[in-house]
Q: 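Dropping the structure in here first, questions after.
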Amino acid sequence: FVDSCEWIHFFALAASCLTNNVTETLKLLCELLTSDPEGGPSRINFEMFKTLYRFLATIDKNISESKIQDVVNYLASDVERQEGMVQPSNFLHASCPELYPDILS
């Protein structure tokens, strides 16, 4: 099992069992993986965020590549100002595209 599974994918999948959607899962993962002090911004490396988001999108199957790209493009300017890091407040911001589609619309 250890040789055939990337730990970060296993970790993301486990976290997704504790939340209601991809956005909440990514917020939880930021909180768990950050090296910021307790109560801090919960930043993680943007490359890690993209890896986690893409993996969760493959599990969800309702998140298109264009949706992922919209989110990544939006976050790029925040990430540049934050020295390659992303934090939940960036992807929870009202002007950020939703991380998953509203399947009711």
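Quick note: residue numbers are just sequence positions, from 1.
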Q: Does any N or O in the side chain of T34 come within less than 3.5 Å of the main-chain N or O of I44, such that one atom is a donor and the other an acceptor?
A: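 Absent.
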Q: Quick check for you: to the nearest 0.5 Å, what is the distance between E80 atom CD and M85 atom CE?
A: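 Reported value, rounded in 0.5 Å steps: 15.5 Å.
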Q: Do the side-chain N and O atoms of T25 and T19 include a donor-acceptor pair separated by under 3.5 angstrom?
A: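 Their side chains do contain a donor-acceptor pair, which is all the 3.5 Å distance test asks for.
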Q: Please list all pairs passing the ring-ring contact (aromatic ring centres under 6.0 Å, His included) test where one or both residues lie in residues 54-78, with sequence neighbours left out.
A: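 Those involving residues 54-78 are H9-F55.
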Q: To the nearest 0.5 Å, what is the distance between OG on S16 and CG on L18?
A: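 The distance works out to 8.0 Å.
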Q: Side chains of L52 and L33: closer than 4.5 Å at any heavy-atom pair?
A: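 Answer yes - side chains close enough.
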Q: Indicate whether any N or O donor in one side chain lies under 3.5 Å from an N or O acceptor in the other, for N90 and Q82.
A: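 Their side chains do contain a donor-acceptor pair, which is all the 3.5 Å distance test asks for.
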Q: Less than 4.0 angstrom from a charged side-chain N to a carboxylate O is my criterion; do E98 and K67 meet it?
A: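 Judged by the 4.0 Å cut-off on N to carboxylate O distance, E98 and K67 do not form a salt bridge.
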Q: What pair of heavy atoms forms the shortest contact from L56 to A12, and how long is it?
A: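 Residues L56 and A12, closest heavy atoms: CD2-O, 4.0 Å.
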Q: How close do P41 and P88 get, counting heavy atoms only, and between which atoms?
A: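 Distance-wise, the nearest heavy atoms are O-CD, 3.4 Å.
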Q: Are side-chain heavy atoms of L29 and F49 found at a separation under 4.5 Å?
A: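 No, too far: nothing below the 4.5 Å cut-off.
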Q: Which class fits the ring pair F11 and W7: parallel under 30°, tilted 30 to 60°, perpendicular over 60°?
A: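 Tilted, since the angle between the ring planes falls between 30° and 60°.
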Q: Any chain of hydrophobic side-chain contacts (each under 4.5 Å) joining Y53 to F91?
A: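 As far as the 4.5 Å side-chain criterion goes, F91 and Y53 are connected within one cluster.
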Q: Would you check if R54 and I68 make a side-chain contact, meaning some heavy-atom pair closer than 4.5 Å?
A: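 A side-chain contact under 4.5 Å exists here.
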Q: Identify the two heavy atoms, one from D36 and one from S42, that lie closest to each other, and give their separation to 0.1 Å.
A: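 Smallest heavy-atom distance, with atoms named: OD2-N, 3.3 Å.
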Q: Strictly distance-based, threshold 3.5 Å: is any side-chain N or O of Y100 a donor or acceptor partner for the main-chain N or O of A57?
A: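 Such a contact is absent between Y100 side chain and A57 backbone.
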Q: Can V86 and R43 be said to form a side-chain contact (heavy atoms from CB on, under 4.5 Å), step by step?
A: CA-CA 5 Å; V86 67; R43 297 169 297 177; over 6 Å; no
Q: Is any NZ, NE, NH1 or NH2 atom of the basic residue among K27 and E24 found under 4.0 Å from an Asp or Glu carboxylate oxygen of the other?
A: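 Looking at K27 and E24, the cut-off is not met.
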Q: Compare all side-chain heavy atoms of L99 with those of I63 and state whether any distance is below 4.5 angstrom.
A: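 Answer no - side chains too far apart.
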Q: Using every non-hydrogen atom in the two residues, find where C96 and V71 come nearest and quote the distance to one decimal.
A: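 Closest pair (atom of C96, atom of V71, distance): SG-CG1, 4.5 Å.
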